[in-house]
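Below is one structure, written out as structure tokens, with a few remarks after it.
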Amino acid sequence: MSLLKKLQTIPAISKFLLNRYAPYRGAGIEIDQVDLANYHIRIKMPLTRKNQNVVGVHFGGSLYSMVDPFYMLILMHHLGSKYIVWDKSASIQFLSPGRGTVYADIRLDLTEINQIKQLAEHHAPVYRTYSLNIFDESGIRIAEVQKTVYIRRKKPKPSSN
């Protein structure tokens with residue numbers, strides 16, 4: 001395992017690196033908590049001139065991008081290098097205008113990881129759909145996001161004997 005990959009498994013370093021990711025910095029997105037051991041990441045985004053739309057509320061693309069990669073990252077962390085994990089599809093439903101700081105919690109659990117391992121045991125593709133909500137600081141649901149993730153256990157490389 002490369003040093004960078006090893007460092008990325010340390011929550012404080014993962015948080016530091018993600019918070020310096022150019023698209024997130026540009027949109028004002030901040031990873032608030034990284035707790036990979038407990039399958040949880042919390043993201044927040046204050047409303048700024050960089051992420052507001054023409055009517056002065058959160059731009060929909062920024063709302064989606066704030067939650068985009070995190071199911072994939074949690075799954076990659078817990079499944080390891082023997083699995084392929086890709087985002088397959090996504091949709092977002094806007095429910096209310098976001099006018100202040102918005103938050104999202106991405107959560108999985110050990111049962112889900114074990115179920116995926118069982119389903120992917122024979123190298124068949126596994127599709128999992130996750131739903132999450134984006135809330136404003138007063139607890140109003142701003143948006144609902146559906147994410148479908150493709151997962152497959154890698155086939156062993158043939159031995160060269």
Side-chain angles (χ1 to χ4, degrees), residues 1-46 51 60-93 95 98 101-137 139 141-159:
M1 178 185 282
S2 75
L3 179 59
L4 181 59
K5 285 193 183 271
K6 195 168 205 164
L7 288 173
Q8 289 172 335
T9 64
I10 300 169
I13 292 173
S14 292
K15 181 178 171 180
F16 176 83
L17 293 171
L18 287 166
N19 280 328
R20 272 129 193 97
Y21 182 51
Y24 280 9
R25 288 187 68 149
I29 297 166
E30 182 182 336
I31 289 65
D32 194 36
Q33 297 172 20
V34 175
D35 186 359
L36 293 174
N38 290 306
Y39 315 90
H40 175 244
I41 298 174
R42 183 178 177 95
I43 303 97
K44 70 180 181 179
M45 180 174 58
N51 61 24
S62 294
L63 288 169
Y64 174 72
S65 68
M66 79 181 267
V67 300
D68 179 30
F70 295 108
Y71 282 113
M72 190 174 97
L73 291 175
I74 292 171
L75 288 166
M76 289 170 63
H77 176 79
H78 286 284
L79 293 171
S81 62
K82 292 182 181 180
Y83 291 82
I84 297 167
V85 181
W86 287 102
D87 283 330
K88 180 72 174 160
S89 66
S91 67
I92 185 167
Q93 185 174 20
L95 305 171
T101 300
V102 295
Y103 301 88
D105 287 291
I106 289 80
R107 295 181 189 279
L108 290 174
D109 60 34
L110 180 59
T111 303
E112 173 69 1
I113 300 299
N114 288 337
Q115 188 172 23
I116 290 167
K117 286 180 178 180
Q118 182 181 7
L119 291 168
E121 184 178 356
H122 299 291
H123 312 284
V126 175
Y127 297 92
R128 303 303 276 184
T129 300
Y130 303 107
S131 180
L132 70 113
N133 293 299
I134 300 172
F135 293 95
D136 72 7
E137 51 209 346
R141 267 188 349 146
I142 300 303
E144 181 180 345
V145 178
Q146 299 283 324
K147 297 276 300 180
T148 300
V149 181
Y150 166 93
I151 306 144
R152 185 176 59 77
R153 187 169 172 211
K154 292 178 183 176
K155 293 180 181 171
K157 294 182 180 180
S159 60

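Just the heavy atoms: all of them, side chains too, but no hydrogens, waters or symmetry mates, feed the values below.
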- Item | Candidate pair V149 and V126, rule side-chain contact (heavy atoms from CB on, under 4.5 Å), full reasoning | CA-CA 8 Å; V149 181; V126 175; over 6 Å; no

- Note on the structure: Distance col, row I29:CD1 vs N51:CG, nearest 0.5 angstrom, shows 7.5 Å

- Query: So, the side chain of K15 versus the backbone of Q33: is there a donor-acceptor pair under 3.5 Å, distance only?
  - Reply: no

- Item | Where L132 and D105 come nearest, the two heavy atoms and their spacing | CB-O, 4.3 Å

Under 3.5 Å, side-chain donor or acceptor atoms of residues 21-28 against the rest of the protein: list the pairs with distances, not counting sequence neighbours.
{"unit_1": "Y24", "atom_1": "OH", "unit_2": "S65", "atom_2": "O", "d": "2.9"}

- Message: Can you tell me how far apart CZ (R128) and CG (L119) are? Round to the nearest 0.5 Å.
- Response: 6.0 Å

- Task: Check whether more than 12 heavy atoms from other residues, nucleotides or ligands sit under 6.0 Å from atom CE of M72, and answer yes or no.
- Result: yes

- Rounded to the nearest 0.5 Å, what separation is found between the CD atom of Q115 and the OG1 atom of T111? 8.5 Å

- Query: Which heavy atom of Y39 sits nearest a heavy atom of I74, and at what distance?
  - Reply: O-CD1, 4.0 Å

- Derivation of the side-chain contact (heavy atoms from CB on, under 4.5 Å) call for R152 and K155: CA-CA 9 Å; R152 185 176 59 77; K155 293 180 181 171; 4.0 Å; yes

- Task: Applying side chain to side chain donor-acceptor pair (under 3.5 Å), name anything that partners D109, two or more places apart in sequence or on another chain.
- Result: none

- Residue among D32, V67, L63 satisfying side-chain contact (heavy atoms from CB on, under 4.5 Å) with M45: L63

- Query: Quick one: do the E144 and S131 side chains pair a donor with an acceptor below 3.5 Å?
  - Reply: yes

- Query: Going from CD1 on I134 to CD on Q93, what distance comes out if it is rounded to the nearest 0.5 angstrom?
  - Reply: 12.0 Å

- Give a yes or no answer on whether the side chain of D136 reaches the backbone of G98 with a donor-acceptor pair at less than 3.5 Å. no

- Item | Reported CD-to-OG1 distance for the pair E137 and T101, which is rounded to 0.5 angstrom | 4.5 Å

Donor-acceptor pairs are to be reported for all side-chain atoms of residues 85-92 against protein atoms at under 3.5 Å, with residues two or more places apart or in another chain.
{"unit_1": "D87", "atom_1": "OD2", "unit_2": "K147", "atom_2": "NZ", "d": "3.3"}
{"unit_1": "S89", "atom_1": "OG", "unit_2": "T148", "atom_2": "OG1", "d": "3.4"}

- Can you name the nearest heavy-atom pair linking L79 to Y83, along with the distance? O-CD1, 3.3 Å

- Message: Within this structure, what is the CG-CD distance for the pair L18 and E30, rounded to the nearest 0.5 Å?
- Response: 11.5 Å

- Say whether, by atom type as modelled, one donor and one acceptor occur between the side chain of R153 and the main chain of E121 under 3.5 angstrom. yes

- So does K82 have more than 12 non-hydrogen atoms from other groups sitting under 6.0 Å from NZ? no

- Message: For a quick check under 3.5 Å, do Y130 and E112 share a side-chain donor-acceptor pair by atom type?
- Response: yes

- Are the side chains of V102 and I43 in touch, meaning some heavy atoms are under 4.5 Å apart? no

